[in-house]
Structures are given as structure tokens and as C-alpha cells.
**Q** 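Quick one: the structure is below, questions incoming.
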Amino acid sequence: MEPSGTFPDPMLKSRFSSDFFERDALIVSQDILGHYLVRELNGCKIVTMIVETEAYCGVTDLGCHASGNRRTKRTEAMFLPGGYAYVYLVYGLNYCLNIVTEKKDNPHAVLIRAVEPLKGLEMIRKNRPGIKKTCDLTNGPGKLSKALDIDISLNKYDLVKGRELYLEKNPENPDFSIISAKRIGIDYAGEYKDKLWRKYIKESPFVSKK
DNA sequence: TCTACGATTTACT
DNA sequence: GTAAATCGTAGAA
């Protein structure tokens, strides 16, 4: 009999390992499309499918908060190893959820820009009062944070082992094409603002902008 | 300390 | 289509 706590956790089988996240943001941003972002909120399980992402690729990327190796209170989370959450407030109003990628001290991250609600729609609607159309509930980084009740308290959250917010593998292997486009809202990023580092599922009606 | 502004959303005209 | 909302962070002083 093994001592308790050493059994492999069955819940973790459907998860991605740290290795999966400890790669270039550009790779991870594509590989997580079609997989699940799950939020457990007072006993309710919200399941969504990731349909749109953006990659922010470390110290050389002028669009990245950590470009030039800027290491501040806000960017600290990006220096964690891949698999942690980086959450921050934009425009004083909206939270953005990122997944930290790459090895420790290499500050890459993938911004989740849009998801498709699959389960827990009732809870999502409760979190998004006044929004009528289903696709308007989660088709933007700030919108999906509201819908899944994600705020700064989830900054640096462990998405590999955590129970409240995590990614789950889609057991089906959905077939879709990936569109590459310019990242949104980073006009200050010089030559990097035109990089096609925004990725989304072509057929999805849930992406933020076409 | 002080100031400018942002990985956006919403409600207007 | 345009503009207001709203506040923590970054960088300068």
C-alpha cells in the first residue's frame, strides 16, 4: 500500500504537463487552440474551448510587457516557468488572462483572447449581466475574464496542478484550420506590431474580430 | 511623489 | 462610427 498522496491524480491525466508549457509562446499559442479552459467556481464547473490566442515572445518582443528584460511587480509572473497564469488589469477596467510559457526567467506568455462556452453557460450569464448574444459573452480577453470570474487574485496561479483554473485536453481531435493575424492593440510595438502572432480557429464564430 | 497611458469594453450618436 | 469609463503600473522627476 502506497502512502496517500503518492497515487497519480486521475484528474491530472487529462491535463498538459509543465513540459508542454515550457516551450516558445508561438508554439503553445497554436497548440492550445481547440482545447479546454476550465474554471471551477463554488462547485460549478465552467468548460470553454480556446478559439483565439496571441503570443508574446520574451525580451526581444517589443509588444511584450517584459521586453528589454523589464522585470517589475506586474511582469514578475512572466518570469515563472511555463504553466502559470499571468493576469493583469488593462485600462483600469478589464483583466487579461495569459498562460506563461517557456522556461523560468524567459518571459513568454500566451494571451487568451476568446473562448467558446461549452458548459456552465448559466454561471457565465450570471457573470455577464445584460449581454444577450451568446458569442458576445466571451469573445474578447476582458469579456472572458468577466465570464469566468478571473481577476488579479489568480495571477501566478498554477494551471498545471490547480483546481480552480486549468487547461484540459480535448479528447476529440477536432479538425480546423488556424488563421494567423496581427496582434491587436499594440501600436507601440514598432516592427513587432505587424508580426502574425495572433492565432485563431478559422471556422469559429466566437473569435473577437475577423 | 507625479503623470501619462494601456494585450479593452460598452454605451452612446 | 466615436467617446467615456477607470486605476495600477512604469518611468520620469
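Here is how names work: the chains are called A, B, and so on, in the same order as the sequence lines, proteins then strands, and each is numbered from 1.
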**Q** If you check the A:Tyr91 side chain, which of C:dC7, B:dG6, C:dA10 turns out closest?
**A** B:dG6

**Q** Once you round it to whole Å, what is the distance between P of B:dG6 and CZ of A:Arg183?
**A** 15 Å

**Q** Could you tell me how far apart A:Lys146 (NZ) and C:dA5 (C1') are, to the nearest whole angstrom?
**A** 11 Å

**Q** Tell me the interatomic distance from A:Tyr95, atom OH, to C:dT9, atom C1', rounded to whole angstroms.
**A** 13 Å

**Q** Would you kindly compare A:Leu93 and A:Ile152 by the position of their nearest DNA chain C nucleotide and give the one closer to the 5′ end?
**A** A:Leu93

**Q** We want to know whether A:Arg125 and A:Thr134 form a side-chain donor-acceptor pair, criterion being a heavy-atom distance below 3.5 angstrom.
**A** yes

**Q** Rounded to whole Å, how long is the line connecting atom NZ of A:Lys73 with atom C1' of C:dA10?
**A** 13 Å

**Q** Is A:Asp61 salt-bridged to A:Lys195, cutoff N-O under 4.0 Å?
**A** no

**Q** Can you check the A:Asn94 CG to B:dG6 C1' distance for me, whole Å?
**A** 11 Å

**Q** Sort out the partner of C:dT6 for me: Watson-Crick or G-U wobble, both distances under 3.5 Å, none otherwise.
**A** none

**Q** Determine: side-chain N/O of A:Arg70 to OP1/OP2 of C:dA10, distance under 4.0 Å, yes or no.
**A** no

**Q** Report which part of the nucleic acid A:Tyr86 touches: base, sugar-phosphate, or nothing (heavy-atom distance under 4.0 Å, all strands).
**A** base

**Q** To the nearest Å, give me how far apart CG (A:Leu144) and P (B:dT10) are.
**A** 12 Å

**Q** Using the salt bridge (charged side-chain N to carboxylate O under 4.0 Å, His left out) rule, pick out the option among A:Arg183, A:Arg113, A:Lys193, A:Lys199 that qualifies with A:Glu54.
**A** A:Arg113

**Q** For the side chain of A:Lys143, counting heavy atoms from C-beta on, which of B:dT8, B:dT10, C:dA10 is nearest?
**A** B:dT10

**Q** Pick base, sugar-phosphate or nothing for A:Arg128, based on heavy-atom distances below 4.0 Å to the nucleic acid.
**A** sugar-phosphate

**Q** Nearest whole Å is fine: how far is B:dT8 P from A:His65 NE2?
**A** 9 Å

**Q** May I ask you to say what A:Gly130 touches in the nucleic acid, namely base, sugar-phosphate or nothing, with a heavy-atom cut-off under 4.0 Å?
**A** nothing

**Q** Would one find a side-chain N or O of A:Arg74 under 4.0 angstrom from OP1 or OP2 of B:dG6?
**A** no

**Q** So A:Tyr200 and A:Val51, do their side chains get closer than 4.5 Å, heavy atoms only?
**A** no

**Q** Could you check how far CD1 of A:Ile131 sits from C1' of B:dT8, rounded to whole Å?
**A** 13 Å

**Q** Using a strict 4.0 Å threshold on nitrogen-to-oxygen distance, state whether A:Asp105 and A:Arg71 make a salt bridge.
**A** yes

